[in-house]
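Letters A, B, ... mirror the listed sequences (proteins, then strands); counts begin at 1.
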There are 2 protein chains.
Amino acid sequence: MTEGLTINEAAETTGWSPRMLRYLETVGLIEPARTGSGYRVFGPEHLQRLRTLRELLESFDCGLSDVAFAKRLRADEQLRAALDGWFEARVEQPQGMSSADWLTWEQEKHQRLLALVDAA
Amino acid sequence: MTEGLTINEAAETTGWSPRMLRYLETVGLIEPARTGSGYRVFGPEHLQRLRTLRELLESFDCGLSDVAFAKRLRADEQLRAALDGWFEARVEQPQGMSSADWLTWEQEKHQRLLALVDAA
DNA sequence: CCAACCTTACCAAGAGTTTGTCAAGGTTTG
DNA sequence: CAAACCTTGACAAACTCTTGGTAAGGTTGG
């Protein structure tokens with residue numbers, strides 16, 4: 001107990017409600033330690049993280065699901081690759097390509113992306 | 001008109017509804033060209049992109065807002081840096097640091113992150 | 001000029017997210 | 001041991017996202 005705060009204490013100092021602290025855990029954004037009997041224990045790192053998260057959400061006007069997705073993006077390399085590929089699809093034609101070549105090239109690129117997607 | 005499909009034709013060949021094609025544009029995921037009078041024109045690249053997007057959403061079980069956020073993440077370097085910093089917050093102490101040093105170091109890291117966030 | 005398109009702007013149903021509250025029960029501590 | 005915590009689970013209000021529809025009006029092509 002000397003090594004951290006309980007959920008209500010953590011709520012007090014971070015501005016999150018106890019309910020939200022539990023919710024943040026279920027969506028995978030924090031992982032407080034537990035005592036032998038199952039009580040959550042919030043250490044200084046957690047408290048800082050929680051305060052920073054508030055700032056971050058407000059400053060950039062985004063939601064928890066956005067941060068959760070960003071986390072998923074870091075963990076799932078295939079997802080990242082698939083999205084990168086999709087975004088990179090460009091609008092201009094590469095130099096020296098005919099319209100027909102371009103279309104073929106573009107379709108093949110998407111074929112490759114689809115193959116990647118199917119593997120997921 | 002010979003250079004692309006109208007919205008209903010594009011809907012037909014991509015599986016998206018015309019309504020959704022307009023919605024995808026409002027959330028920034030596609031940018032069809034326009035005729036002089038304002039009609040949307042979907043070229044082959046758009047059609048491929050739209051088909052790939054369907055596959056991508058289904059394969060990875062994610063939503064449009066997720067893809068939109070991923071796009072924002074690519075465009076907004078500060079947002080990316082802030083999230084990277086937040087995720088990198090580690091749980092173990094660096095070697096050779098006392099508990100007190102670690103806490104100070106950790107707090108300072110978050111101070112730096114907060115400064116970044118404030119600048120946004 | 002008329003039918004069949006297209007545009008934007010709304011209203012609304014359904015689903016998912018966020019948040020609170022309450023209930024039933026275990027833990028800690030004075 | 002009793003008060004004051006904590007746990008999980010469920011129900012629900014408020015909100016946003018997704019999607020469809022419809023209305024009022026401009027464009028196109030036979």
Interface polar pairs with nucleotides 23-26 of chain D, N/O, under 3.5 angstrom:
unit_1, atom_1, unit_2, atom_2, d
D/dG26, N2, B/Y39, OH, 2.5

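Atoms CG and CD1, from B/L53 and B/I30 in turn, are 8.5 Å apart once rounded to the nearest 0.5 Å. Remark: A/T14 OG1 to A/L24 CG distance equals 9.0 Å, nearest 0.5 Å.
In this view, A/R72 satisfies the salt bridge (Lys or Arg N to Asp or Glu O under 4.0 Å) rule with no residue, not counting sequence neighbours. Looking at residues two or more places apart in sequence or on another chain, you find no salt bridge (Lys or Arg N to Asp or Glu O under 4.0 Å) involving A/E31. Residues that satisfy the salt bridge (Lys or Arg N to Asp or Glu O under 4.0 Å) test with B/R80, not counting sequence neighbours, are absent from this structure. Every residue two or more places apart in sequence or in another chain that forms a salt bridge (Lys or Arg N to Asp or Glu O under 4.0 Å) with A/D84 is listed here: B/R74.
For the OP1/OP2 pair of C/dT8 and a distance below 4.0 Å, the side-chain nitrogens and oxygens of B/R40 include at least one atom meeting the criterion.
Rounded to whole Å, the distance from CD1 on B/I7 to C1' on C/dT8 is 12 Å. Residue A/R34 contributes atom CZ, which lies 14 Å from atom P of C/dT27 at whole-angstrom precision. The interatomic distance linking B/F69 (CZ) with D/dT16 (P) rounds to 17 Å, in whole Å. Atom pair B/L24:CG and D/dG20:P shows a separation of 11 Å (rounding to whole Å applied).
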Base, backbone or nothing for each nucleotide of nucleotides 15-25 of chain C, written B, S, -, heavy atoms under 4.0 angstrom, 5' to 3'?
-> --SSBBB----
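Side-chain contact, A/E55 with A/T52: no donor N or O sits under 3.5 Å from an acceptor N or O.
Within a 6.0 Å sphere centred on CD of B/E9, heavy atoms belonging to other residues, nucleotides or ligands number more than 12.
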